[in-house]
2 protein chains.
Amino acid sequence: MRPPTIRDVAERAGVSKSLVSLVLRGSDQVRPEKREAVLRAVRELGYRPNAAARSLSEQRTRTVGVLLHDLRNPWFVELLDGMNSLLHDNGLRMLLADARLNRRTGQDPAGSFLDLGVDGLVVVGTLPEATALGAVAERLPVVVAGAREPRLPGVDVVANDDVRGARLVTEHLIGLGHRRIAHIAGYGAVGELRRESFEATMRAHGLAEGAVVEPSDMTEEGGYRTTVRLLSRADRPTAVFAVNDIAAIGAVSAAEELGLHVPRDLSVVGYDNTSIARLRHVWLTTVDNAGHEVGRRAARCLLDRFEGRGGAGRTELAVPVLEVRGTTTGPPDVHVS
Amino acid sequence: MRPPTIRDVAERAGVSKSLVSLVLRGSDQVRPEKREAVLRAVRELGYRPNAAARSLSEQRTRTVGVLLHDLRNPWFVELLDGMNSLLHDNGLRMLLADARLNRRTGQDPAGSFLDLGVDGLVVVGTLPEATALGAVAERLPVVVAGAREPRLPGVDVVANDDVRGARLVTEHLIGLGHRRIAHIAGYGAVGELRRESFEATMRAHGLAEGAVVEPSDMTEEGGYRTTVRLLSRADRPTAVFAVNDIAAIGAVSAAEELGLHVPRDLSVVGYDNTSIARLRHVWLTTVDNAGHEVGRRAARCLLDRFEGRGGAGRTELAVPVLEVRGTTTGPPDVHVS
DNA sequence: GACACGCACTGGAACGGTCCAAAACAGGTC
DNA sequence: GACCTGTTTTGGACCGTTCCAGTGCGTGTC
């Protein structure tokens, strides 16, 4: 009644279990008729190799753990897609875990991955707390994807070029004629980089005076509240650049609630090009953070490390692209054209 | 250099590996000083039991596979949350896989779970194709959550009560005064149930004439196109009930694009109460499908089956709740009040 | 003092694979 | 027919756990 083992297959095919093992791992040192007999027995019994036994013996699981920041914010789906295709081509499977989900129940997903003996770990997004990643990184290859931290020895970081992306946004808005631009900032290295680049770009265009920065928690609620605050200032900005799409949606809502029309009265830009930004009803101007590419490169880094290549820990940046949609236009006073 | 094993711990603590095993599994047949010695050794070495070896020996993995329909549609997050808390309390971990993601690369995630030897499988949402679930269900407990199919012997189905939910929506719209109501239908058992309940409710209120049903593929694009079609009819409906939130968003966009104001000129209702529906900018009237509750109950079913309880395969329905937000109001001609 | 009985602990056989050294076989050469 | 060579096949050790059947030992009973 229990699933068949390699011994059952061997017995049925009239060979030793070693030969079955050879056939299944594609050796060419096997005579065709025996190979056929083995494959037939496999088919007839519906045999599937037991992954636990295999990994115990091989000392590897052919499995990569993926630790997600938060399943609710869907920007990582593209990234996973890119990563999965490359990993799958190399015979590896992906195991997903949501850091936030598990933190509520008090379990440590990185530790869980360690127990399972995954061959490598990919951290996607900025983790709420740096979950003792250093200790994990000493035991197995770790790659951070879609975030810029933590920077640890032997840990690769793959992300989009936040500095460049933020510059694209800022120059887009400046090019449209905006002079007073607010930035809804976020936390973590990603938040810092985008903010600094925004400020630098404004300065470079002689608009340091027109740059306003307000912090937020990178949620919709945060974007909303921050924007309400921004729009009740005397020198109200004519454009808002939010640290991510979700916060940008909050900004749009705040503007509408205060009777302002987007983009006529206020331009809004997000970051990440999530599926939400692509919804027609939202149609948010945003930055495509090259999720697919980042995912592929993260997988590449991991594969390199499996082969023993890859030293101290490099940083790879993919080129982001501005996606101009419906939430940006020139500022009110210039709009007369 | 390799991770410490139970033998290393035993040696360090000056006991046998069997005793270490006993201590770690919380036996009370161990003298306090030995227990202390073992725990100290565990701490000092940073020992973590090897899950592969354990599951090989125990013939169980303490792991549940979760097969998701599509990560892009985030309605399942609540469900996972509910499920995870209960599973975790029972010492089980969750493994996630996305059916769509994996189908692109041609791998069969259910099979992958079988190889890994998961103790049970939860299918979340309506799978694109009934991925040979029957064969899997013969080997291990399977529960379908958040969908109504496939119906297989020995497979439990846990979902919200779609009939009741659709009735809530329809009666809400009728109560607001709508007489011509369109339904953007979906596929699968869930789609059918919601459509039938919509039709039945309309009939029960003597409004069979005013009921319009158009099929869709349950995407935003589909909702958009279907609504454009609906709104160009001579007897344009005054309300649209979409099979899910995503399609509803498409409907809202279509209305806006045709110059109609939501909800003044057209009321729109979705289903699922996804995080997108809760965005202020969207603020969609929808049905909360009790994701958390469904998740908990699905976990319960699985746990029951692990204990040997649970026979032919029951169906459990959680009670959905209407969430009235900003996209519904009375029809244009009644709106004068 | 012999015996039975619990309690605390241990050795070794699983679990289902991989992998290596050695065995069996086949064919060619002298 | 003995010997060598290369291909095919096999037995058994090993991976890190759990679990079962003991072993040894202190205690209480007759």
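Below, chain A is the first sequence line, B the second, and so on; all start at residue 1.
Closest to the Val30(B) side chain, of the nucleotides dC9(C), dT9(D), dT17(D), is dC9(C). The side chain of Val15(A) has dT10(D) as its nearest neighbour among dT10(C), dC15(D), dT10(D). Closest approach to the Ser21(B) side chain among dT18(D), dG16(C), dT10(C) is made by dT18(D) (side chain taken as heavy atoms from C-beta onward). Between dG11(D), dT8(D), dC19(D), one nucleotide has an atom nearer to the side chain of Lys17(B) than all others, and that is dC19(D).
Considering only side-chain N and O atoms, Gln29(A) lies nowhere under 4.0 angstrom from the phosphate OP1 or OP2 of dT7(D). For Arg31(A), no side-chain nitrogen or oxygen approaches OP1 or OP2 of dT8(D) to under 4.0 Å.
Between Asn50(A) atom CG and dC15(D) atom P there is a gap of 18 Å when expressed in whole angstrom units. Atom CG of Leu116(A) and atom P of dC15(D) are 21 Å apart (whole Å). Put simply, CZ on Arg2(A) is 11 Å from P on dG17(C), counting in whole angstrom units. Here dG17(C) presents its C1' atom at 12 Å from CD of Gln59(A), a figure rounded to the nearest Å. A straight line from CG of Asp28(B) to P of dC9(C) spans 12 Å, rounded to a whole angstrom. If you take CZ of Arg7(B) and P of dC14(D), they are 11 Å apart, rounded to a whole angstrom. Note: CD (Glu58(B)) to C1' (dG16(D)) measures 12 Å, nearest angstrom. The separation between Tyr47(A) atom OH and dG16(C) atom C1' is 7 Å, rounded to whole Å.
Within 3.5 Å, no donor on the side chain of Thr5(B) pairs with an acceptor on the base of dG16(D), nor the reverse. Residue-to-nucleotide contacts include no donor-acceptor pair under 3.5 Å from the side chain of Ser16(A) to the base of dT10(D).
Residue contacts shown for Arg60(A) are absent, as no nucleic acid heavy atom lies under 4.0 Å away. Residue Ser18(B) is classed as a base contact, given a heavy-atom separation below 4.0 Å to a base.
The two residues Leu39(A) and Val23(A) come nearest to each other via the heavy atoms CD2-CG1, 3.9 Å.
There is no side-chain donor-acceptor pair under 3.5 Å between Arg72(B) and Ser275(A).
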